[in-house]
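In what follows, every chain begins at residue 1, and chains take the letters A, B, ... in the order their sequences are listed. Heavy atoms only: backbone and side chains are in, while hydrogens, waters and symmetry mates are out.
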Number of protein chains: 2
Amino acid sequence: MTMNASGGRRRPPTIHDVAREAGVSRGTVSRVLNGGHYVSPAAQEAVNAAIRRTGYVVNRHARSLITGRSDSIGFLLTEPQERFFEDPNFNVLLRGCTQALAAHDIPLLLMLAGTEDERRRLTRYITAGHVDGVLLVSNHSGDPVAEQLREAGVPLVACGKPIGLGSKVSYVAADDRDGARDMVRHLLSLGRRRVGMVTGPLDTPGGVERLAGYQEVLAEAGLEFDERLVVSGDYSRASGEAGAERLLAQASDLDAVFVASDLMAQGVLAVLQRAGRRVPQDVAVGGFDDSPAALASSPELTTIRQPWDRISAEMVRVLLAQIGGEDPAAVILPTELVKREST
Amino acid sequence: MTMNASGGRRRPPTIHDVAREAGVSRGTVSRVLNGGHYVSPAAQEAVNAAIRRTGYVVNRHARSLITGRSDSIGFLLTEPQERFFEDPNFNVLLRGCTQALAAHDIPLLLMLAGTEDERRRLTRYITAGHVDGVLLVSNHSGDPVAEQLREAGVPLVACGKPIGLGSKVSYVAADDRDGARDMVRHLLSLGRRRVGMVTGPLDTPGGVERLAGYQEVLAEAGLEFDERLVVSGDYSRASGEAGAERLLAQASDLDAVFVASDLMAQGVLAVLQRAGRRVPQDVAVGGFDDSPAALASSPELTTIRQPWDRISAEMVRVLLAQIGGEDPAAVILPTELVKREST
DNA sequence: TTCTCTACTGTGAACGCTCACAGAAGCATG
DNA sequence: CATGCTTCTGTGAGCGTTCACAGTAGAGAA
């Protein structure tokens with residue numbers, strides 16, 4: 001039983017204590033702390049030793065007060081939270097961002113803006129300068145929070161291309177169009193010629209891009225665009241089922257379907273099998289996301305994997321660069337075709 | 001195009017600006033900000049109006065510098081992260097804590113201590129006083145981080161009963177023992193008399209408590225404890241399969257199994273079905289956790305639901321109370337039996 | 001010698017807030 | 001009329017840093 005085990009928190013050592021211990025001035029200690037320029041090797045060493053001996057840790061509040069930086073970053077989710085927290089990709093993203101920031105000794109503040117109240121509160125918090133920048137997860141077209149932050153000049157990096165925010169906002173996204181191209185090329189390479197598509201919502205960039213990739217490859221291959229082969233969904237399983245039913249009605253001769261999400265693809269599989277079509281023999285099915293749904297389906301889904309681990313790392317890199325004064329940037333990362341049983 | 005859309009962040013108004021605007025002194029503004037005691041209604045109103053007009057938001061760094069509080073809380077995960085981020089219960093917990101803290105205007109810092117380096121870094125960060133308290137997710141017996149934090153007198157609330165940390169650490173946990181009792185009573189109420197169990201790891205409180213509940217109910221019912229009916233696992237699906245095989249070999253006459261996790265229960269179901277036992281007709285199976293695995297199994301698992309939403313709320317409540325000077329507390333919350341197809 | 005330049009070090013001020021204290025005003029009590 | 005009490009208000013100090021500036025010491029050039 002030591003004395004301080006009884007709950008009392010001792011006042012931690014300050015830069016003053018370190019200076020005294022090392023026999024130098026506050027200024028010198030501060031310089032060592034901030035990169036060690038214009039400090040003699042001897043002083044450098046003395047200060048480092050004193051820091052080790054005293055267990056000194058910089059008081060970030062005092063530092064922030066004068067620098068105006070907070071040395072912390074907000075991770076802001078403005079979408080309904082349930083959907084995202086259940087999404088394993090979101091979890092990879094959150095974890096990746098936290099770790100990438102940790103490497104720079106920057107804490108991540110988790111900000112959930114579900115209700116209007118919380119949105120207001122967090123907007124004020126952020127624009128008051130309590131974080132240096134924001135990692136934004138939002139698919140709202142014209143998200144008011146994002147818009148306000150942009151206006152206030154808060155460094156911002158979105159996950160996925162934001163709609164209607166002009167070019168002032170950085171973003172990191174997977175190459176939806178190229179992923180779609182890969183998948184459709186794959187389906188064509190299997191000899192399929194009547195390739196249908198269930199798109200995502202066409203007011204999201206992902207939805208638009210995936211459709212564009214599909215159309216491009218068909219055009220490349222000299223196949224005429226048949227609008228009966230294309231129906232739209234909203235990424236949900238139910239909309240996949242509805243889409244598949246419409247496709248079967250409009251174009252019953254189809255021999256492949258590219259579905260813009262794995263969840264919808266599950267619905268498509270169910271409808272096709274109910275209709276007596278064998279997958280992949282009669283109809284090949286390709287999904288998008290490489291979500292757990294892809295592995296849980298039977299047959300297991302061929303799908304497009306988005307590089308979520310790299311996305312988080314890039315988001316952090318771009319945000320820190322922007323805080324450092326660089327211009328907003330857009331980063332598009334390549335996707336990967338994962339072949340499984342459904343094609 | 002407004003001027004400040006071009007990226008320049010204006011210096012935010014300070015307490016000084018508010019005081020001037022309201023025609024009072026800094027002290028009065030500060031008093032209004034901190035509860036409004038000893039402030040005349042007139043001054044109160046003038047200050048609030050000035051705050052609204054100027055868009056003032058308190059500078060937390062300046063406040064923290066003098067109060068010694070940081071008004072922020074760390075959410076610390078010292079376990080391997082993959083396992084937890086994939087666990088939907090963990091997500092509910094993280095979300096719940098964030099929201100409960102948001103209601104008090106307290107930001108949550110996400111801290112992932114996967115490697116030894118990160119553990120050291122975060123320990124220093126926390127003990128330096130950069131957070132007022134820590135919400136801890138850790139099942140390590142004798143977690144060194146938790147031990148150090150406790151020694152340093154950092155307010156700490158663990159999720160689940162921590163092992164080997166003495167009574168100085170608060171915790172919030174589901175009533176594992178009572179949950180187990182409910183499940184075993186339920187199995188007995190179905191007329192089953194040869195009830196087996198696959199336990200969790202017996203170096204965790206959860207593992208021990210669930211086994212204890214099982215034994216208690218059997219004793220109550222006047223059934224003799226048969227050690228051949230009990231095997232241990234580690235919560236993984238694979239260990240559930242292994243456990244079921246051992247059970248079938250040791251006690252092939254069993255007519256029910258209580259499995260200490262849903263994931264293990266999935267393994268048990270698979271083995272039972274492979275061995276030609278019908279569930280629930282021949283053998284009833286009960287799980288624990290109410291994870292998605294419970295719904296994904298066929299038949300769907302009867303299981304014990306832990307109140308994760310309440311756990312997060314209680315963790316925050318207890319932590320804030322402790323920061324406010326109250327003694328460490330242990331909170332045990334009731335579980336719920338969810339009946340499905342497997343019993 | 002004197003001046004300039006570079007490498008380094010110490011010092012006071014300031015960041016924006018809270019806290020302790022002093023004091024004023026109003027009212028009741030001796 | 002003094003005294004005490006309560007309610008309210010303003011002021012100065014200080015929290016632990018960084019930053020700008022002034023200053024020192026030594027080397028090299030004029």
So does [X] get a side-chain nitrogen or oxygen closer than 4.0 Å to the phosphate oxygens (OP1/OP2) of [N]?
| X | N | value |
| --- | --- | --- |
| B/Thr67 | C/dC17 | no |
| B/Ser30 | C/dC17 | no |
| B/Thr28 | D/dG10 | yes |

Would you mind reading off the distance between [X] atom [atom1] and [N] atom [atom2], rounded to a whole angstrom?
| X | N | atom1 | atom2 | value |
| --- | --- | --- | --- | --- |
| B/Ile15 | D/dT11 | CD1 | P | 14 Å |
| A/Tyr38 | D/dA25 | OH | C1' | 16 Å |
| A/Arg60 | C/dC15 | CZ | P | 23 Å |
| A/Arg63 | C/dC17 | CZ | C1' | 20 Å |
| A/Leu33 | D/dG16 | CG | P | 15 Å |
| A/Arg69 | C/dC15 | CZ | C1' | 13 Å |
| B/His61 | D/dT18 | NE2 | P | 14 Å |
| B/Arg31 | C/dC19 | CZ | P | 11 Å |

B/Thr54 and B/Glu21 side chains, donor-acceptor separation under 3.5 Å: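 Looking only at side-chain atoms, B/Thr54 and B/Glu21 do not form any donor-acceptor pair under 3.5 Å.
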I'd like to know if the side chain of B/Ser70 pairs up with that of B/Asp132 as donor and acceptor (distance under 3.5 Å, no hydrogens or angles considered).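 A pair is found: one side chain offers a donor N or O, the other an acceptor, under 3.5 Å apart.
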Can you tell which of [options] lies closest to the side chain of [X]?
| X | options | value |
| --- | --- | --- |
| A/Ser25 | C/dT18, C/dT9, C/dC17 | C/dT9 |
| B/Asn59 | D/dT18, C/dG16, D/dT9 | C/dG16 |
| A/Val24 | C/dG10, D/dT9, D/dT17 | C/dG10 |
| B/Ala43 | C/dT9, D/dT18, D/dT9 | D/dT9 |
| A/Leu65 | D/dC8, C/dC15, C/dT18 | C/dC15 |

Check: A/Thr123 side chain, A/Arg119 main-chain N or O, donor-acceptor pair, under 3.5 Å: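 Yes; at least one donor-acceptor contact below 3.5 Å.
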Has A/His61 got a side-chain atom pairing as donor or acceptor with B/Gly68's backbone, closer than 3.5 angstrom?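 No; judged by distance alone, with no hydrogens or angles, the pair does not exist.
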Report the residue (B/Ile66 or B/His37) whose heavy-atom-nearest nucleotide on DNA chain D is the more 5′ of the two.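 Comparing both residues, the 5'-ward one is B/His37.
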Within the 4.5 Å heavy-atom criterion, are B/Ile15 and B/Tyr56 side-chain neighbours or not?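 Yes. Closest side-chain heavy atoms under 4.5 Å.
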Can you find a donor-acceptor N/O pair under 3.5 angstrom joining the side chain of B/Arg26 to the base of D/dT11?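 Checked by distance alone, the answer is no.
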